[in-house]
Amino acid sequence: MERYKLIKEVGDGTFGSVWRAINKQSGEVVAIKKMKKKYYSWEECVNLREVKSLRKMNHPNIVKLKEVIRECDTLCLVFEYMEYNLYQQMKNREKLFSENDVRNWCFQVFQGLAYMHQRGYFHRDLKPENLLVTKDVIKIADFGLAREISSQPPYTEYVSTRWYRAPEVLLQSHLYGSKVDMWAMGAIMAELFTLRPLFPGTSEADEIYKICSVIGSPTTESWADGLKLARDINYQFPQLASVHLSALIPSRSDGAISLVSSLCSWDPCKRPTASEALQHPFFQSCFYIPPSLRTRAVARTPPSAGTRGSLDRQGLKRYSSALPNTKFTNNFSSPKLHASIASGVQRKLDLATEDGIKNKKSLKTTQQSKYRFPGKDSPTSMNKGRTARGVSESAEKLANMSIGTRRQSMGQSRPSPAMKAGVNCISESGNFVLRSGQQNPTTGRSLTRKVAG
Ligand SMILES: Nc1ncnc2c1ncn2[C@@H]1O[C@H](COP(=O)(O)OP(=O)(O)OP(=O)(O)O)[C@@H](O)[C@H]1O
């Protein structure tokens, strides 16, 4: 760690505090995530989900893990540095993003997701805070909850930030998969368009209520499996009609509305895969430029997005049924500040109401979304209890909405017994470098929690 100079804390998440730092030798600016938990063995570090999954990823839209260092039982993950997260981009903005901005970002994220899903991983915690931006390039970060698709369900940990959490996870399905990322992307896309969260639930029950009030309560046709999941936990969906998304996301193209609508389908099987999303007519003007083919001529284009001349017929056909009577045009209307958006509804989770799930009122009242500040009082903060206890509590809470409970069995990895602390390092190349005896007494210090920027 003495090779790096820490400059400024730029993020404080559940698992680690993130610092902007400089590599003293090369001058390279990096982001160093200092994990809060102590790591008493190197095995523990290399088996960490974030390390295991990220080491296998090499994609322009996935944040690069450059180095892993264990020093004095503190684990530090060294990443390429990114300037902002998407939430920071949105929070103080008054003017809406253009449809092209949203298109370019989403096209890149879907490429990262398609790569990740094809490699057998899904992220499980996509949210604006985990999408990092430098100039017009966007990358997926925070693989702390990433799962191998081939790993054996049931998945029992507390998963994803509530506002972006897929209905099958809210209903405690143990068999969910990569489509949870697609749901989250639908919610994120809508938020990018309006600068307001689409489903700002104040509790898990309210989250389902908010979803029902936007996409309508599920039916046998729209999600038979979901009705069964609800029956299993004695949960009754509130009966609500859907609202056309164009009313909530005004002044956006039919293609944009159609994509958000298909991503936010109750039934995971009806959500497009990331590769299918890339074929959606919304992206008809985008194309992928493989890194090896990039030239100076396209240097100003985001590394993985460009302009595609011709409409992808297959994509149009696939999606023409998503919204009947939808015409796909390239005629994107200029964003107008909708009155309700201009009024500045933002988000802050009322923590007091989180437990109000037992209060049946929470199922009936549509809560007003409020301002949210990064790292504080956000639904993210609820993940601070991403523990076995958190799961059983949430399961119980949801079941308490009506009658009866279904208990989950939960496993949580226990830290290995303390081992002699040394300095371990794994580099970008994937080679292990053991640097024992280079302990830096200062690196074990505890950091104050502070959110910068
Ligand atoms: N590579 C990076 N470059 C710049 N900033 C970063 C980088 N990685 C993370 N950050 C900042 O730090 C914040 C927290 O990082 P991260 O999500 O990895 O931590 P976490 O403890 O896993 O958080 P969470 O509570 O979301 O699980 C991010 O939202 C982002 O603002």
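Whatever order the structure lists ligands and atoms in, that order sets their numbers, starting from 1.
- When only modelled atom types and interatomic distance are considered, Glu67 and Tyr4 share a side-chain donor-acceptor pair under 3.5 Å.
- In this structure, a donor-acceptor pair under 3.5 Å is absent between the side chains of His117 and Thr273.
- Taking every non-hydrogen atom of Phe79 and a distance limit under 4.0 Å, the qualifying atoms of ligand 1 come out as 1 (N).
- The Val63 neighbourhood of ligand 1 comprises atoms 1 (N), with distances under 4.0 Å to a heavy atom of that residue.
- Residue-level proximity to ligand 1 for Glu83 is absent, since no heavy atom of it falls below 4.0 angstrom.
- Residue Glu80 touches ligand 1 through its backbone alone, judged by heavy-atom distances below 4.0 Å.
- Against a heavy-atom cut-off of under 4.0 Å, Tyr81 is close to the following atoms of ligand 1: 3 (N), 4 (C).
- In this structure, Arg20 contributes its side chain and Tyr81 its backbone to no donor-acceptor pair below 3.5 Å.
- Between Lys36 and Ser17, the shortest heavy-atom contact is CE-N, 4.2 Å.
- Ligand 1 lies less than 4.0 angstrom from a heavy atom belonging to Gly16.
- Those atoms of ligand 1 that come under 4.0 Å of a heavy atom in Asn85, given as number and element, are 29 (O), 30 (C), 31 (O).
- Residue-ligand proximity, Glu129 to ligand 1, at heavy-atom distances under 4.0 Å covers atoms 28 (C), 29 (O).
- Residue Lys127 places a heavy atom less than 4.0 Å from ligand 1.
- Cation-pi geometry between Lys38 and Tyr40 is not met at under 6.0 angstrom from the ring centre and within 45 degrees of the axis.
- A perpendicular orientation is assigned to the rings of Phe122 and Tyr176, their planes being inclined by more than 60° (bins at 30° and 60°).
- Legend: salt bridge (Lys or Arg N to Asp or Glu O under 4.0 Å) pairs involving residues 167-178, not counting sequence neighbours, sorted by first then second residue: Glu168-Arg271.
- With atom 25 (O) of ligand 1 as the reference point, the heavy atom nearest to it among Leu132, Thr14, Asp12 is part of Thr14.
- Close approach of ligand 1 to Phe15 is summarised as follows: ligand atoms under 4.0 Å from at least one heavy atom of the residue are 20 (P), 21 (O), 22 (O), 27 (O).
- Of all the atoms in ligand 1, the ones that sit under 4.0 Å from a non-hydrogen atom of Asn130 are 17 (O), 26 (O).
- For Tyr115, there are no side-chain hydrogen bond (donor to acceptor under 3.5 Å, both in side chains) partners at least two apart in sequence or on another chain.
- Cation-pi geometry between Arg103 and Phe283 is not satisfied (NZ or CZ under 6.0 Å from the ring centre, within 45° of the ring normal).
- When only interatomic distances are considered, the shortest N/O to N/O separation between Gln88 and ligand 1 does not fall below 3.5 Å.
- At a 3.5 angstrom cut-off on N or O pairs, Ala141 does not count as close to ligand 1.
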